[in-house]
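Residue numbers start from 1 in every chain, and the chains themselves are labelled A, B, ... in the order their sequence lines are given, proteins ahead of strands.
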Protein chains: 2
Amino acid sequence: MSREQTQQTAYTIDVVMLTPQNDQLALLLAQDEARSGWMLPWEAPDAGSTLDNTAAAIATRVTGTSPAWIEQVAAVGDGMMHPSNAPISVGFVAIVPMGTPEPRGDRFAWFGLDAAPALGERQQTIVRDAVAAVQDRMDLSPVAFRLLPPAFTLSELQQMYELLLGKRLHKASFRRALQAAWLVEPTDEWRSEGRGRPAQLYRYAPKKRRKGRRGVRFDLLAG
Amino acid sequence: MSREQTQQTAYTIDVVMLTPQNDQLALLLAQDEARSGWMLPWEAPDAGSTLDNTAAAIATRVTGTSPAWIEQVAAVGDGMMHPSNAPISVGFVAIVPMGTPEPRGDRFAWFGLDAAPALGERQQTIVRDAVAAVQDRMDLSPVAFRLLPPAFTLSELQQMYELLLGKRLHKASFRRALQAAWLVEPTDEWRSEGRGRPAQLYRYAPKKRRKGRRGVRFDLLAG
DNA sequence: TCAATAGTGTCTGTTAGACATTATGGA
DNA sequence: TCCATAATGTCTAACAGACACTATTGA
């Protein structure tokens, strides 16, 4: 993120770091001294690193821990404002385990997704696409499990899915689907959480690989 | 695609153009004189154009007609060979209506996907991702309809879907799903295609918008 | 007539979602 | 005791896929 060179850089890598916080997603932003505002952490790439490596390095350096998941979202191009003067930026989403300590210094801070300050046009686009990408690709990747401690209750797991997907799920259906997918196994521990019946703890233990979804769906096709 | 400047360009836009041809997907390649081989059509961007506009312009110029669908696939980065010396390339997929005439000159040619000559590492990655992107996003976009003439038989439509998705579909289920989605309406014309009972012609006429797919699926989650 | 393709009806297994019920703790 | 939460069972509607059957043409 150094802007020592006033030189035009070829492109930047911008990372949208998300973490569960207070039952919603929080976004990590960096201070933009030049504009006395906030921005996504970004970097001009090192020659020789792959895009993914560079993005992962940014996430790791800023949060002090490895992201649970990181994936490219899209390249966003010209005609949009960006803290750099690079003609394009490649956006990444990273999901950071909950409870990650506040990033060092006051140059970074977490913001609730709804309470985040306005960003430049290009970074705003990247954030919007990043959240959509998480929700689209969630069910192809066991991200949720890496955001939880090794032992968790099924309610916690469901809440994590709901947070990442941005919608409520049906409890019985959720558990049936979990069981059918052979993803978790029960431990012999139970946890009492205030009121109500204690919940059994489970651990992530994928056993089977299922064939992809069947059939055709014409959902949303009418456009 | 001009390589007049030996200068390093910031990035390139590479377009994977696909069209139905002989019951399989065909890929449009350009001659690479410098390497006496073939390559994806690519271009260094104009300042001021968006990525999408540049990609669409490439597709239109090369094929002489507007693509039926075009979408960004991904940016592919460092450490991979590319006809340019740009550090990254942004890949796009374009679907071109069938029956598009051969591109002008002998600098371009269509190749069946399986019969295409080997490309550089980076472009090979882009082609692989492009085909996967078509198959992933097909059911969110009415691409298939734009590849067919305004009036078509349901068998033709199904074959188009099978071609784009790369898998066989069940006839009765396909038609039921079509009907449920209110996407087509019958005309009063019929077409006799050699043997067998003539098929009724349909036209694309989306009427309803359906809610997204429901529930959670944990398919493929065990990884 | 036979072969080939279009189009439809019926059955079955699966599953999402709704709802109800039991289980088990804390207040 | 009442309340809150966990966990599970049952019912229904929707739907994918299999299969069979009818319809209508060309050879």
Let me know the distance between [atom1] of [X] and [atom2] of [N], rounded to the nearest Å.
| X | N | atom1 | atom2 | answer |
| --- | --- | --- | --- | --- |
| His170(A) | dT8(D) | NE2 | P | 15 Å |
| Leu178(A) | dT8(D) | CG | C1' | 15 Å |
| Leu169(B) | dG7(C) | CG | P | 16 Å |
| Leu154(A) | dT5(D) | CG | C1' | 13 Å |
| Phe174(B) | dA6(C) | CZ | C1' | 14 Å |
| Gln179(B) | dG9(C) | CD | C1' | 13 Å |
| Glu193(B) | dT24(D) | CD | P | 19 Å |
| Gln158(B) | dT5(C) | CD | P | 13 Å |

Using only side-chain N and O atoms of Arg175(B), determine if any of them is under 4.0 Å from OP1 or OP2 of dG7(C).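 Checking dG7(C) against Arg175(B), a side-chain N or O does come within under 4.0 Å of OP1 or OP2.
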With heavy atoms under 4.0 Å as the rule, sort Ser155(B) into base, sugar-phosphate or nothing.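 Sugar-phosphate, no base atom in range.
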Base, sugar-phosphate alone, or nothing: which one does Gln200(A) contact when heavy atoms must sit under 4.0 Å apart?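 Sugar-phosphate, no base atom in range.
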Could you list the residues that satisfy salt bridge (Lys or Arg N to Asp or Glu O under 4.0 Å) with [X], not counting sequence neighbours?
| X | answer |
| --- | --- |
| Arg203(A) | Glu185(A) |
| Arg128(B) | none |
| Arg137(B) | Glu71(B) |

What's the closest nucleotide to the side chain of Ser173(B) if the choices are dA6(D), dG17(D), dA18(C)?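 Per side-chain heavy atoms of Ser173(B), the pick is dG17(D).
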If you only use heavy atoms from C-beta on, which nucleotide in dA18(C), dA7(D), dA6(C) is closest to the side chain of Lys171(B)?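 Closest nucleotide among those given: dA6(C).
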Polar contact flag, side-chain donor to acceptor under 3.5 angstrom, Arg176(B)-Ser173(B):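 Side chains of Arg176(B) and Ser173(B): pair found under 3.5 Å.
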Could you list the residues that satisfy side chain to side chain contact (heavy atoms under 4.5 Å, CB included) with Ala199(B), not counting sequence neighbours?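 With sequence neighbours excluded, Ala199(B) shows a side chain to side chain contact (heavy atoms under 4.5 Å, CB included) to Thr153(B), given in chain and number order.
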Between protein and nucleotides 23-27 of chain C, what N or O pairs are separated by less than 3.5 Å?
from	atom 1	to	atom 2	distance (Å)
dA23(C)	O4'	Arg197(A)	NH1	3.3
dT24(C)	O2	Arg197(A)	N	3.3
dA27(C)	O4'	Arg195(A)	NH1	3.3

Looking only at the aromatic ring of each residue, does the gap between the centers of Tyr202(B) and Phe152(B) stay below 6.0 angstrom?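 No - the distance between ring centres of Phe152(B) and Tyr202(B) does not fall below the 6.0 Å cut-off.
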Can you name the side chain to side chain donor-acceptor pair (under 3.5 Å) partners of Thr50(A), sequence neighbours left out?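 Testing Thr50(A) for side chain to side chain donor-acceptor pair (under 3.5 Å), a comparison that skips the adjacent residues, returns Asn53(A).
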With Asp52(A), which residues qualify under side chain to side chain donor-acceptor pair (under 3.5 Å), at least two apart?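 For Asp52(A) there are no side chain to side chain donor-acceptor pair (under 3.5 Å) partners, ignoring immediate neighbours.
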DNA chain C: Ala172(B) or Thr153(B), which has the more 5' nearest nucleotide?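 Taking each residue's closest nucleotide, the earlier one in sequence belongs to Thr153(B).
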Residue list, ring pair (Phe, Tyr, Trp, His ring centres under 6.0 Å) with Trp38(A), at least two apart or on another chain: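 Residues passing ring pair (Phe, Tyr, Trp, His ring centres under 6.0 Å) with Trp38(A): Phe111(A).
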Describe, as an angle rounded to 10 degrees, how the axis at the first end of the helix from dT1(C)-dA27(D) to dA27(C)-dT1(D) is tilted relative to the axis at the last end, five pairs per end.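 Computed angle between terminal axes is 10°.
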